[in-house]
Amino acid sequence: MAVKQIAIIGGGPAGLMAAEVLSLSGHAVTVYDAMPTFGRKFLLAGKSGLNITHSEDYERFASRFGAASDRLRPALDAFTPADVRAWAAGLGTETFVGTSGRVFPSVMKASPLLRAWLGRLEAQGTKLLKRHRWTGFVGDDLVFETPNGRAVIRSEATLLALGGASWPRLGSDGAWTTLLRNEGVEITDLQPANCGFDVAWSDIFKTRFAGAPLKTVTATSDAGTFPGELVISRHGIEGSLVYAHAAALRDRLSSDGRADLRIDLAPGRSVERLARDLDRQDTKASLSNRLRKGAGLEGVKSALLRELLPEIALADPQQLARSVKALPIPVLRPRPIAEAISSAGGVRLDDLDERYMLKSLPGIFATGEMLDWEAPTGGYLLTACFATGRAAARGIMEWLQARQ
Ligand SMILES: Cc1cc2nc3c(=O)[nH]c(=O)nc-3n(C[C@H](O)[C@H](O)[C@H](O)COP(=O)(O)OP(=O)(O)OC[C@H]3O[C@@H](n4cnc5c(N)ncnc54)[C@H](O)[C@@H]3O)c2cc1C
């Protein structure tokens, strides 16, 4: 096959993975990124250990992408969690399975992997051009802002791998939504995913408990019931257990205008036992003492009940026991997308053909987090970005070949 000039815009995990596949097949690939270095969000993910994939049963893994699971399946089948681990090992980064089944590099960071990856790409002839911000099209050509002014570039195929809109200072700012909408591409609004929520805490509660972890609880929403840990923040609630419920809470807020995350503060005790033990307490004792002796609750757990329940419910052992087992925390709104781990929304999947090419813009492909899918934390995000990056690269090769 003749060498073709391919532009990849966005040097995050999805764009770099596409560059790897294309350059390995002998194509001339240039990756452009607006930032002074590549893979900034990937490096940030490394700060919390880089949960690169998940070791759970593959069928379960492949179902984690909600309504988009079927559409993403061929891409995931072609680059499974086992492939992710083998790929990382091939770049000198061994991985291990943590207690939760999540997979991390043994070094618990991203920098050695990214360094080796960029080295491999350059060795395969990929050009990496930083400080090139794509600003749109002029005719069929791509326009970039560069340190040397405006550059107009022609490519035979272009892959957009521009990311979502979380942590915009790392480069993915979602500005592409306007550019692509102007070209007639259907885009679902970007929304925060895997995010915290605002709660109307009293001043006293947030001053005293912001930063306090709520450990060994379970939380329930439309997403189901999961054990874990959350953190009280000045604004509301944060942490992995909140992220697991974030999509369900966000969607419930948007359909009903209100949503609660229901917390079981004492997962090991039944409501009957709690009611009995609380009933036994001296009614003249303070609430803190009654909760400590009758329910084993103190600190932030006990304060949370006081913060959220009316006096009458605190005074009645039956009601109090029921609240300990299912305390609704009313959430007001998701925290801003800039603080979220990832974005929901993006380029509609039915606006892409099987090859990840935009139906309205022949020759322009899209991949990674900028597509309209979401997943919980757990290594699903990176795996899907890698997998769709590879799928789009194969799509580009098929399309170029078909045009010959
Ligand atoms: C704090 C944090 C922790 C995370 N931890 C994990 C984790 O442990 N496991 C996991 O699976 N996922 C994690 N993620 C999510 C994961 O990092 C992202 O899903 C992933 O990086 C998305 O890859 P991408 O290539 O689609 O986009 P990005 O990584 O966002 O890359 C997009 C690139 O496009 C560039 N760009 C954007 N617009 C332009 C433009 N106009 N011109 C040129 N370049 C442009 C950006 O500079 C950027 O480099 C985490 C995210 C955050 C914020």
Side-chain angles (χ1 to χ4, degrees), residues 7-19 30-54 61 64-65 81 84 95 98 100 102-105 108-110 114 117-118 128-137 142-146 151 153 158-180 190 192-196 238 240 243 337-344 346-347 366-371 373-390 392:
I8 297 180
I9 312 177
L16 295 179
M17 195 51 105
T30 305
V31 186
Y32 302 89
D33 201 289
M35 300 302 282
T37 53
F38 288 79
R40 290 197 163 197
K41 199 174 277 184
F42 188 61
L43 282 179
L44 178 73
K47 295 251 186 273
S48 46
L50 194 71
N51 179 195
I52 198 164
T53 191
H54 204 292
F61 179 93
R64 297 288 194 175
F65 303 86
V84 172
T95 52
S100 58
R102 295 175 181 217
V103 175
F104 300 90
M108 294 295 280
K109 56 183 178 177
L114 182 62
W117 196 8
L118 293 173
L128 299 170
L129 292 186
K130 51 202 181 186
R131 295 196 165 94
H132 277 62
R133 174 176 298 281
W134 175 60
T135 56
F137 301 99
L142 303 164
V143 183
F144 292 89
E145 273 169 17
T146 80
I153 285 154
T158 297
L159 176 61
L160 303 176
L162 301 164
S166 73
W167 290 71
R169 66 173 188 274
L170 302 178
S172 1
D173 56 10
W176 55 265
T177 51
T178 312
L179 291 176
L180 290 189
L190 294 179
N194 296 306
C195 57
E238 283 287 341
S240 53
Y243 304 157
I337 195 165
E339 294 176 18
I341 299 284
S342 58
S343 307
V347 173
T367 189
E369 197 182 314
M370 69 182 290
L371 304 182
W373 56 270
E374 66 176 310
T377 58
Y380 308 103
L381 298 162
L382 282 172
T383 304
C385 288
F386 295 143
T388 57
R390 296 179 79 89

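Below, all heavy atoms of this structure are taken into account, side chains as well, without hydrogens, waters or symmetry copies. One is the number of the first residue; the rest follow in order along the sequence. Counting convention: from 1, in listed order, for ligands and their atoms alike. Quantities reported herein were computed from a predicted structural model and do not represent experimental measurements.
- Polar contact check, Asp173 against ligand 1: no nitrogen or oxygen pair lies under 3.5 Å apart.
- Between Phe65 and Trp373, the ring-plane angle classifies as perpendicular under the 30° and 60° cut-offs.
- In this structure, of Ala110, Ala34, Gly368, the residue bringing a heavy atom nearest to atom 43 (C) of ligand 1 is Ala34.
- Some N or O of Ala14 is nearer than 3.5 Å to an N or O of ligand 1, by distance alone.
- By the criterion of a heavy-atom distance under 4.0 Å, the backbone of His132, and not its side chain, is placed next to ligand 1.
- Between Asn194 and Thr377, the side chains place no donor N or O within less than 3.5 Å of an acceptor N or O (distance only, hydrogens not considered).
- Ligand-side atoms of ligand 1 in range of Gly171: 36 (N), 37 (C), 38 (N), 46 (C), 47 (O), range being under 4.0 angstrom from any heavy atom.
- For Arg133, the salt bridge (charged side-chain N to carboxylate O under 4.0 Å, His left out) test picks out Asp173, with sequence neighbours left out.
- Every atom of ligand 1 is numbered from 1 in the order shown, and the set under 4.0 Å from a heavy atom of Ile9 is 42 (N), 43 (C).
- The shortest N or O to N or O distance between Glu369 and ligand 1 is below 3.5 Å.
- Among Val84, Leu381, Thr53, Thr367, the single residue meeting the side-chain contact (heavy atoms from CB on, under 4.5 Å) criterion with Phe386 is Val84.
- Annotation: ring pair (Phe, Tyr, Trp, His ring centres under 6.0 Å) contacts of Trp176 (sequence neighbours excluded): none.
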